[in-house]
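Following: one structure in structure tokens, then a few remarks.
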Amino acid sequence: MKISTPIFVANKAHLKNKFFILLFVVTTINFAQTARKYSNEFMNIGVDAAALGMSNAVTSSSNDVNSGYWNPAGLIGLEGKQASLMHASYFANIAQYDYAAYATPIDDESAWGFSVIRFGVDNIMNTTQLIDSQGNVDYNRISLFSVADYGVTFSYARKLKLSGLQYGVNSKIIRRIIGKFASSWGFGFDAGLQFEKNDWKFGLMLRDITTTYNVWAINETEFNTIKDAVTGQNQALPENTEITLPKAQLGISKKIDFHNETSLLAAANLNMSFTKTNEIFSTNGLSIDPALGFEYGYTDLVFVRAGVGNFQNVVQIDNSKKVAFQPNVGLGFKYKGIQIDYALTDLGDQSAALYSNIFSLKVDLSIFGQ
């Protein structure tokens with residue numbers, strides 16, 4: 001069952017913005033006992049401005065602390081302890097997205113990492129009690145709450161006996177909270193491979209390989225306060241389980257070093273969903289979205305990045321069809337173990353100019369003598 005009607009009502013103009021924010025957040029949540037095309041989507045946004053600047057086409061090339069997200073096999077590339085931070089604002093600063101990660105080698109053959117993601121909308125107005133029993137509007141009855149999604153990931157990587165081949169696995173815990181109205185716990189696994197041969201790198205990332213299963217707990221007392229907000233709607237409690245289908249990313253990349261201390265990294269991804277979606281190549285059992293990314297580097301100090309991805313078949317108002325895509329660009333600066341990256345990303349149809357500025361920081365902790 002999908003909640004598709006407003007659960008909070010306000011009848012004053014200056015409350016409308018908050019009302020629509022809340023409606024947007026709530027209608028994105030599916031409570032069901034069957035697998036959904038879109039579930040736990042906050043875990044698919046991406047991390048690290050360097051990767052986002054390349055349109056996420058880093059499945060084969062990722063080899064640092066952020067590999068715990070992109071492909072845990074890449075953690076083998078770590079030469080020492082690393083930490084990473086990122087902050088981004090989405091939907092005109094309505095939603096805040098934060099990420100932190102730490103990773104370290106165990107020995108010459110293995111490594112482990114840990115990361116936390118939070119995607120949230122804070123200070124949402126709860127107007128369920130705005131109108132009292134006499135029909136009067138009382139603004140003192142308005143309270144605030146947050147809708148937040150959390151993902152905690154533990155990663156492990158190890159080299160295999162075949163030269164150039166390594167694997168990684170993730171175990172992840174999902175926590176989702178809708179104020180005091182509902183909350184859920186989920187658990188799932190990812191697995192990844194990377195292989196390098198003759199300066200070509202190949203990568204495979206399998207997300208939610210066993211499906212990720214979320215169990216929701218709904219506050220019936222709070223539900224009863226809103227179930228009559230729209231006559232005949234939301235009369236029964238939603239079902240309380242949600243299943244995230246597996247996804248896969250297949251990547252290839254090659255880095256070319258030039259004689260003038262410059263380099264070019266070219267990478268491509270095929271992002272696959274095992275269901276029919278709006279992606280540019282889509283069948284009933286498989287949908288594929290390609291992505292391309294490039295990184296030009298100078299003396300391993302300054303980086304310029306560009307990428308394109310998220311190719312979607314879009315039906316317009318006049319029922320004509322077009323292909324929409326997402327272009328990204330980015331810059332990076334690295335000095336003595338500290339790397340600062342910036343990405344400018346387009347969140348939807350590029351004609352809408354809905355761009356986000358994303359910054360991230362990566363630090364080799366050896367600079368602190370650890």
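Position 1 is the first residue of the sequence; numbering continues from there. Because only heavy atoms are used, hydrogens play no part in the values below, and waters and symmetry mates are left out as well, while side chains stay in.
Proximity of a side-chain donor or acceptor of S282 to a complementary backbone N or O of T277 within less than 3.5 Å is detected. A donor-acceptor pair under 3.5 Å links the side-chain atoms of S55 to the main chain of V308, judged by distance alone. Panel note: side chain Q82, backbone V65; a donor-acceptor pair is recorded below 3.5 Å. A donor-acceptor pair is defined here as one N or O able to donate and one able to accept, closer than 3.5 Å; such a pair exists between the side chain of Y97 and the backbone of G46.
Applying the side chain to side chain contact (heavy atoms under 4.5 Å, CB included) test to S61 and every residue at least two apart in sequence or in another chain returns V58, S253, L265. For R305, the salt bridge (Lys or Arg N to Asp or Glu O under 4.0 Å) criterion is met by E295, D341, not counting sequence neighbours. With sequence neighbours left out, the side chain to side chain contact (heavy atoms under 4.5 Å, CB included) criterion links E261 to T299. Looking at residues two or more places apart in sequence or on another chain, you find a side chain to side chain contact (heavy atoms under 4.5 Å, CB included) between F195 and L162, L165, K197, F202. Applying the side chain to side chain contact (heavy atoms under 4.5 Å, CB included) rule to L361 yields the partners I338, I340, V363; only residues at least two apart in sequence or on another chain are considered.
Here CD of Q194 is found 7.5 Å from CG of N63. Values are rounded to the nearest 0.5 Å. Distance check, rounded to the nearest 0.5 Å: CG of N357 to OG1 of T345 gives 8.0 Å. In this structure, the separation between CG on N56 and CG on L292 is 12.5 Å, given to the nearest 0.5 Å. To the nearest 0.5 Å, atoms CD (E279) and CG (N271) are separated by 7.5 Å. Here the straight-line distance linking atom CG of N71 with atom CG of L193 works out to 7.5 Å at 0.5 Å rounding. The line from NZ of K159 to CD of Q166 is 7.5 Å long, rounded to the nearest 0.5 Å.
Side-chain contact between N313 and V323 is present, with heavy atoms from C-beta onward closer than 4.5 Å. In this structure the side chain of F281 never reaches within 4.5 angstrom of the side chain of L270, judged on heavy atoms. Taking the side chain as every heavy atom from C-beta outward, D64 and S62 approach each other to under 4.5 Å. The side-chain heavy atoms of D289 and F311, taken from C-beta on, include a pair separated by under 4.5 Å. Looking at heavy atoms from C-beta onward, S184 lies out of side-chain contact with V215 at the 4.5 angstrom threshold.
The pair K247-E41 meets the salt-bridge criterion, since a charged nitrogen lies less than 4.0 angstrom from a carboxylate oxygen.
Note: F145 and F181 have perpendicular aromatic rings, judged against thresholds of 30 and 60 degrees for the angle between ring planes. The aromatic rings of F333 and Y335 sit parallel, their planes meeting at an angle under 30°, below the 60° perpendicular limit.
The closest side-chain donor-acceptor pair between N260 and T262 falls under 3.5 angstrom. When only modelled atom types and interatomic distance are considered, N170 and T153 share no side-chain donor-acceptor pair under 3.5 Å. Using modelled atom types and a 3.5 Å distance limit, the side chains of N66 and S84 yield a donor-acceptor pair. In the model, R118 has no side-chain atom that pairs as donor or acceptor with a side-chain atom of Q96 under 3.5 Å. Side-chain atoms of Q326 and N328 form a donor-acceptor pair, as typed in the model, at a separation below 3.5 Å.
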task: Give the intermediate values and the outcome of side-chain contact (heavy atoms from CB on, under 4.5 Å) for residues Y156 and Y167.
output: CA-CA 9 Å; Y156 175 78; Y167 75 91; 3.9 Å; yes
field: Verdict with reasoning, M125 to L144, per side-chain contact (heavy atoms from CB on, under 4.5 Å)
entry: CA-CA 5 Å; M125 286 188 180; L144 301 176; 3.9 Å; yes
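The two residues W70 and M205 have their closest heavy-atom pair at O-CG, 3.5 Å. A pairwise comparison of heavy atoms in P246 and F274 identifies O-CD1, 3.3 Å as the closest pair. Of all heavy-atom pairs between S115 and A101, the closest is CB-CB, 3.8 Å.
The environment of NZ in K254 is crowded: more than 12 heavy-atom neighbours from other residues, nucleotides or ligands sit within 6.0 Å. Heavy atoms from other residues, nucleotides or ligands lying under 6.0 Å from CZ of F359 number more than 12.
A single hydrophobic cluster is not seen to contain both M43 and Y150; linkage of ILVMFWY side chains at heavy-atom distances under 4.5 Å, directly or through other members, places them apart.
Shown are T212, N40, D208; of these, the side-chain hydrogen bond (donor to acceptor under 3.5 Å, both in side chains) with K172 is made only by D208.
The aromatic ring centres of Y102 and W112 sit less than 6.0 Å apart.
The salt bridge (charged side-chain N to carboxylate O under 4.0 Å, His left out) analysis of residues 106-115, with sequence neighbours excluded, yields no pairs.
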